[in-house]
Amino acid sequence: MQVQRVVLNSRPGKNGAPVPENFRLEEITLAPDLKDGEVLVRTLYLSVDPYMRCRMNEDTGADYLTPWQISKCVDGGGVGLIDSSRCNNFAAGDVVISFNWPWQTHAVMTGSDLQKVDPQLVDGHLSYFLGAVGITGLTALLGIREKGHITKRANHTMVVSGAAGACGSIAGQIGRLDGCVRVVGICGSDEKCKAIVEDLGFSTAINYHLEDVPTRLKESCPDGIDVYFDNVGGAISDAVIAQMNNGSHIILCGQISQYNKDVPYPPPLSEETQKNLQSKNITRERFTVLNYMSKADAALCELSQWIKSGRIKVLETVVNGIENMGDAFCSMMKGGNIGKQIIKISH
C-alpha cells in the first residue's frame, strides 16, 4: 500500500517561528501483513496544536513531551477508522483515537496505542474527538474546575486570552455555564471578536491588535477580574494580571506568545507582574491536563451532553489534505484559525 506521510525536515532557528518548509511530505510503502496485536488504520482527521511547537526543538522543555526527530514521521492527536485488525480489542470499522497518531494517510499501529470511541458522543462529528470532546475540551473543563475556583452567585468575572482558539473558545463557554456573570475574551481580529460574542455568548471581546487592552479591560470588567484563563502569556497577560482582584486565580494553560522564544516554560514574569501576584495573593499554577486523567471520562460525558444540547457551540477551521499539514500548523501558530484547527485527511 502506498501511503503519504509528513516528516520533520528541519528545526526552526533559535527564537524562530516555524515555517512550512520545516515539514516534508513523503510517500512510503506500507507492508500489508499485520502482526498479532496490530491494526491497520485509515486516518480521518489530524490535529495541530500550540504545544507541538515545543516538540520541534531538540529539548521540549517538558518531561512529558518527546521531541520530534529529523526525517522521522511527525505525530500528534488523530482520529481514524480501523481497516483491518489482528488485535482482539478492535474490529474493522471501529472509530479510534490516539495522542500519538502518525501524520500518515494510513498507518499500522498497536492496539495499546489506541482508544475506541463512540461516534454518538459527538453526534457523528468525529473531528470533535480532537477538540471539544477530547484533550482540548478536557483542558478547558478540568482547568476551570481544578484551578478556577468559580463560585455561582459570587458575581465572578472571567477573562480568557486566545479566546477564539481551540481551548479558549470552549473555556469561555464553560466559565459562563459554571456561573461567571461576565466572560471577556481577548482575540486578534474583529472577525474573532464577533464570533465569540455572537456565536459563543461571551459578554465582550477585545481586539488586542486594534484596541488598548488595559483601557478596554477596565471598561469591560468594572468589578475587576476573578479568574483568568491564560493561553498566551506575555504583555497581554501582564495587562490582565494588573487588574485582577485580591485572592483571584490564574489558570495557566498555555503561553503561545512565548513558544518561539528560547525561554523556559512557564516563561519568567516581569518584576511588576510578580509583585502584583504576591501583593494580591493571586494563585498562578501551571495546569497540565494529563495529571487529571482519572476525571476524564466524567468530564468528556459532561462536554458531550453540553454540545449535543447546544449549550456549548464548537468552532473549527478545517483544512483538507495531508499535504497541507505544515501550512495549517504554521497558520495556527500565527492565529489563523477560529476554534480548533483540524486537517481532514480522508472520508
Side-chain angles (χ1 to χ4, degrees), residues 17-20 45-53 125 127-128 130-132 136-137 139-140 157-177 180 182-221 228-237 239-240 253-260 306-307 310-321 324-344:
V19 293
Y45 298 98
L46 293 171
S47 170
V48 291
D49 303 280
Y51 81 87
M52 292 176 170
R53 174 60 185 84
H125 297 283
S127 58
Y128 287 8
L130 300 179
T136 307
T139 300
T157 293
M158 179 178 181
V159 171
V160 182
S161 57
C167 196
S169 61
I170 301 294
Q173 296 179 80
I174 293 171
R176 176 172 48 77
L177 289 167
C180 286
R182 192 178 287 108
V183 179
V184 177
I186 303 175
C187 307
S189 73
D190 286 342
E191 182 187 10
K192 290 180 178 182
C193 288
K194 183 179 179 185
I196 67 169
V197 172
E198 294 185 4
D199 299 335
L200 306 185
F202 280 64
S203 313
T204 318
I206 300 169
N207 182 342
Y208 69 87
H209 281 308
L210 299 180
E211 300 178 278
D212 181 73
V213 174
T215 301
R216 290 285 287 115
L217 282 171
K218 276 179 187 157
E219 294 168 357
S220 306
C221 309
Y228 174 36
F229 199 99
D230 183 7
N231 288 302
V232 303
I236 288 172
S237 290
V240 175
C253 178
Q255 304 277 277
I256 193 170
S257 73
Q258 309 298 303
Y259 286 168
N260 292 329
W306 273 339
I307 289 163
R311 297 180 78 194
I312 283 183
K313 293 185 170 60
V314 180
L315 301 180
E316 289 184 324
T317 299
V318 181
V319 169
N320 288 311
N324 294 313
M325 290 294 298
D327 288 325
F329 175 76
C330 295
S331 172
M332 177 271 306
M333 286 297 298
K334 294 175 184 172
N337 55 303
I338 296 181
K340 178 71 178 175
Q341 177 72 67
I342 294 288
I343 299 84
K344 184 176 182 179

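When reading the values below, keep in mind they use all heavy atoms of this one structure, side chains included, and skip hydrogens, waters and symmetry mates.
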Q: Per the side-chain hydrogen bond (donor to acceptor under 3.5 Å, both in side chains) rule, what does the pair list look like for residues 203-218, sequence neighbours excluded?
A: D190-N207, E211-R216, D212-T215, R216-E219, R216-S220
Q: Quick one: closest heavy-atom pair of N231 and G168, and the distance?
A: ND2-CA, 3.6 Å
Q: Before accepting this row, confirm whether a basic side-chain N of the pair D49/K340 lies closer than 4.0 Å to the acidic partner's carboxylate O.
A: yes
Q: Rounded at 0.5 Å granularity, tell me how far CG in L217 sits from CD1 in I236.
A: 9.5 Å
Q: What are the two closest non-hydrogen atoms of A132 and I307, and how far apart are they?
A: CB-CD1, 3.5 Å
Q: Does C221 form a side chain to side chain contact (heavy atoms under 4.5 Å, CB included) with V159? I'd like the steps, not just the answer.
A: CA-CA 9 Å; C221 309; V159 171; 3.9 Å; yes
Q: Quick check: do R53 and P18 have side-chain heavy atoms less than 4.5 Å from each other?
A: yes
Q: Any chance you could measure N320, atom CG, to I342, atom CD1, to the nearest 0.5 Å?
A: 11.5 Å
Q: Where do G162 and V232 come nearest, in terms of heavy atoms and distance?
A: N-CG1, 3.7 Å
Q: Quick check for you: to the nearest 0.5 Å, what is the distance between D199 atom CG and L315 atom CG?
A: 6.0 Å
Q: Side chain to side chain contact (heavy atoms under 4.5 Å, CB included), that's the test. Do N324 and I343 meet it? Break it down for me.
A: CA-CA 8 Å; N324 294 313; I343 299 84; 5.5 Å; no
Q: When rounded to the nearest 0.5 angstrom, what distance separates CE in M52 from CE in M332?
A: 7.0 Å
Q: For Q173 and F202, work out which heavy atoms get closest and say how close.
A: N-CE1, 4.4 Å
Q: Which atom names give the shortest non-hydrogen contact between L200 and R176, and what distance separates them?
A: O-NH2, 3.1 Å
Q: With sequence neighbours excluded, what pairs up with L177 under the side-chain contact (heavy atoms from CB on, under 4.5 Å) test?
A: W306, R311, I312
Q: Roughly how far apart are I170 CD1 and F229 CZ, rounded to 0.5 Å?
A: 10.5 Å
Q: Looking only at heavy atoms, what is the nearest atom pair of A163 and C187, with distance?
A: CB-SG, 4.0 Å
Q: Is there a donor in the side chain of S331 and an acceptor in the side chain of Q341, or the other way round, less than 3.5 Å apart?
A: no
Q: Could you grab the distance from atom OG of S161 to atom CD of Q255, nearest 0.5 Å is fine?
A: 8.0 Å
